Amino acid sequence: MKKLSNAIDRFCALHPRLGVPGLMRYIVIANAAVYILSLFDRSGMLYQVLLMDPQAVLHGQIWRLVSYVLIPSSNGFWLIISLMFYYWLGESLERLWGSAKFTVYYLSGALLTSLSALLIYFIDGVSLPVMGADYVNAALFFAYALTYPDAMVRIYFIIPVKMKWLAILEAALYVFSVISAAVAGLWGMALLPIIAMLNLFVFFSPDFSRRADQFRARRRCSSAAR
């Protein structure tokens, strides 16, 4: 994975114009627009056209591989809060990485989520529609937390919490969901969060490797001190 991460870095450095500057801004605006339009769509047809439906994709409706990220994952006031939050995360990462790398990260997360839904269809025989970019946004959240672990956010605008603690809690919930699905024999569902956020492991593999080396070095120092 480290070699793949380095290859992606080189590719993005050589092709900076392949990125979409301000991608997260467009995603947020599209989410808001789709939500407003959905208020007038009593049939629910708009969401039905955009959602990731494995059966529909296999019948040629390939736009669904990415269009589902335009469906808002929440409603009303919480939609505004979530869009502001993920816009902040996305803009911060794009400023750090550049638009090309951020675009690759976001779109690869969207495609991996779609791949997960297709695998569930083939492995578990369940056509699981995907509505909203929950896993894509989770990959953004973890990427930001790994990059800025001590950044402070305020839950409900009151309680200050560092990003690293929120990330640890979120990771524990994902591990629990994977174990629960595996115990139930739903192997496709167990693989869903792992595959959907595989881009996180690829992009941060050098960081994970460095932290693992530091941990081993500390253990060797502790053993020598004894």
Side-chain angles (χ1 to χ4, degrees), residues 1 4-5 7-8 11-12 18-20 23-24 26-35 37-38 44-74 79 82-83 86-87 89-90 93-94 97 99-143 170-171 173-175 177-178 180-182 186-205:
M1 283 193 179
L4 180 56
S5 176
I8 292 172
F11 176 83
C12 293
L18 289 181
V20 180
L23 174 63
M24 205 62 205
Y26 298 127
I27 296 293
V28 165
I29 292 172
N31 269 254
V34 168
Y35 174 71
L37 291 173
S38 71
M45 183 61 67
L46 179 59
Y47 284 4
Q48 289 298 319
V49 170
L50 295 176
L51 62 80
M52 167 55 198
D53 183 345
Q55 289 183 322
V57 169
L58 293 175
H59 282 85
Q61 299 179 19
I62 59 174
W63 70 83
R64 296 176 182 271
L65 292 171
V66 293
S67 64
Y68 72 91
V69 303
L70 304 180
I71 301 176
S73 300
S74 52
L79 173 62
S82 65
L83 290 181
Y86 289 112
Y87 172 75
L89 298 183
L93 290 173
E94 183 178 343
W97 291 346
S99 60
K101 184 174 180 178
F102 179 76
T103 300
V104 171
Y105 186 75
Y106 192 91
L107 292 182
S108 63
L111 292 174
L112 285 168
T113 300
S114 297
L115 175 61
S116 302
L118 290 170
L119 286 176
I120 290 174
Y121 179 71
F122 288 118
I123 295 174
D124 294 335
V126 177
S127 182
L128 181 67
V130 180
M131 298 179 63
D134 289 337
Y135 287 113
V136 182
N137 289 337
L140 284 182
F141 169 73
F142 284 122
E170 186 81 358
L173 293 175
Y174 276 115
V175 170
S177 69
V178 168
S180 298
L186 300 173
W187 296 106
M189 292 293 291
L191 289 173
L192 173 57
I194 298 174
I195 296 176
M197 289 188 287
L198 189 61
N199 60 334
L200 176 74
F201 299 104
V202 170
F203 275 67
F204 283 86
S205 58

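Keep in mind the model is a prediction, meaning the values are calculated, not measured.
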Review point. Is the closest side-chain heavy-atom distance between L191 and S116 below 4.5 Å?
Key: no
Review point. Does the side chain of Y106 reach to within under 4.5 Å of the side chain of L93, using non-hydrogen atoms?
Key: no
Check your understanding: Going through the distances and angles, do V28 and Y86 end up as a side chain to side chain contact (heavy atoms under 4.5 Å, CB included)?
Key -> CA-CA 8 Å; V28 165; Y86 289 112; 5.7 Å; no
Point to revise | Donor-acceptor under 3.5 Å (S38 side chain, Y35 main chain) | key: yes
Point to revise | A139: partners by side-chain contact (heavy atoms from CB on, under 4.5 Å), with sequence neighbours left out | key: Y105, M197, N199
Review point. Is P72 close to Y47 at the side-chain level, that is, under 4.5 Å between some pair of heavy atoms?
Key: yes
Point to revise | Heavy-atom closest pair, residues Y174 and D134 | key: OH-O, 4.4 Å
Check your understanding: Could you state the interatomic distance from CG (L58) to CG (D53), rounded to the nearest 0.5 Å?
Key -> 9.0 Å
Study note, to complete from the structure: Between W63 and V49, the two heavy atoms sitting closest are NE1-O, 2.9 Å
Review point. With sequence neighbours excluded, what pairs up with V178 under the side-chain contact (heavy atoms from CB on, under 4.5 Å) test?
Key: A190, P193, I194
Exercise for review: Report yes if the side chains of V104 and W97 come closer than 4.5 Å at any heavy-atom pair, otherwise no.
Suggested key: no
Review point. At what distance, to the nearest 0.5 angstrom, does CG of N137 lie from CZ of F142?
Key: 12.0 Å
Check your understanding: Can you check whether L65 reaches M52 side chain to side chain, under 4.5 Å on heavy atoms?
Key -> yes
**Study point:** Point-to-point distance, once rounded to the nearest 0.5 Å, from CE of M131 to CD of Q48
**Key:** 7.0 Å
Point to revise | Residue pair V57 / S114, side-chain heavy-atom distance below 4.5 Å | key: no
Check your understanding: For V69, does its backbone N or O pair with a side-chain atom of N31 as donor and acceptor, under 3.5 Å?
Key -> yes
Exercise for review: Kindly write out the residues that satisfy side-chain contact (heavy atoms from CB on, under 4.5 Å) with I29, not counting sequence neighbours, or none if the list is empty.
Suggested key: R25
Check your understanding: Can you name the closest pair of heavy atoms from P129 and L51 and give their distance?
Key -> CB-CD1, 3.9 Å
Check your understanding: How many angstroms lie between atom CG of L89 and atom CZ of F102, to the nearest 0.5 angstrom?
Key -> 8.5 Å
Check your understanding: When rounded to the nearest 0.5 angstrom, what is the spacing between CG in L119 and CG in L192?
Key -> 9.5 Å
Study note, to complete from the structure: M24 and G90 have their tightest heavy-atom pair at CG-CA, 3.9 Å
Check your understanding: Passes side chain to side chain contact (heavy atoms under 4.5 Å, CB included), Y135 versus L112? Steps please.
Key -> CA-CA 9 Å; Y135 287 113; L112 285 168; over 6 Å; no
Practice item. To the nearest 0.5 angstrom, please state how far the OG1 atom of T113 sits from the CG atom of L118. Key: 11.0 Å
Check your understanding: Which heavy atom of V130 sits nearest a heavy atom of Y68, and at what distance?
Key -> O-CB, 3.4 Å
**Study point:** Minimum-distance pair of heavy atoms, taken over all atoms of V20 and T103
**Key:** N-OG1, 2.9 Å
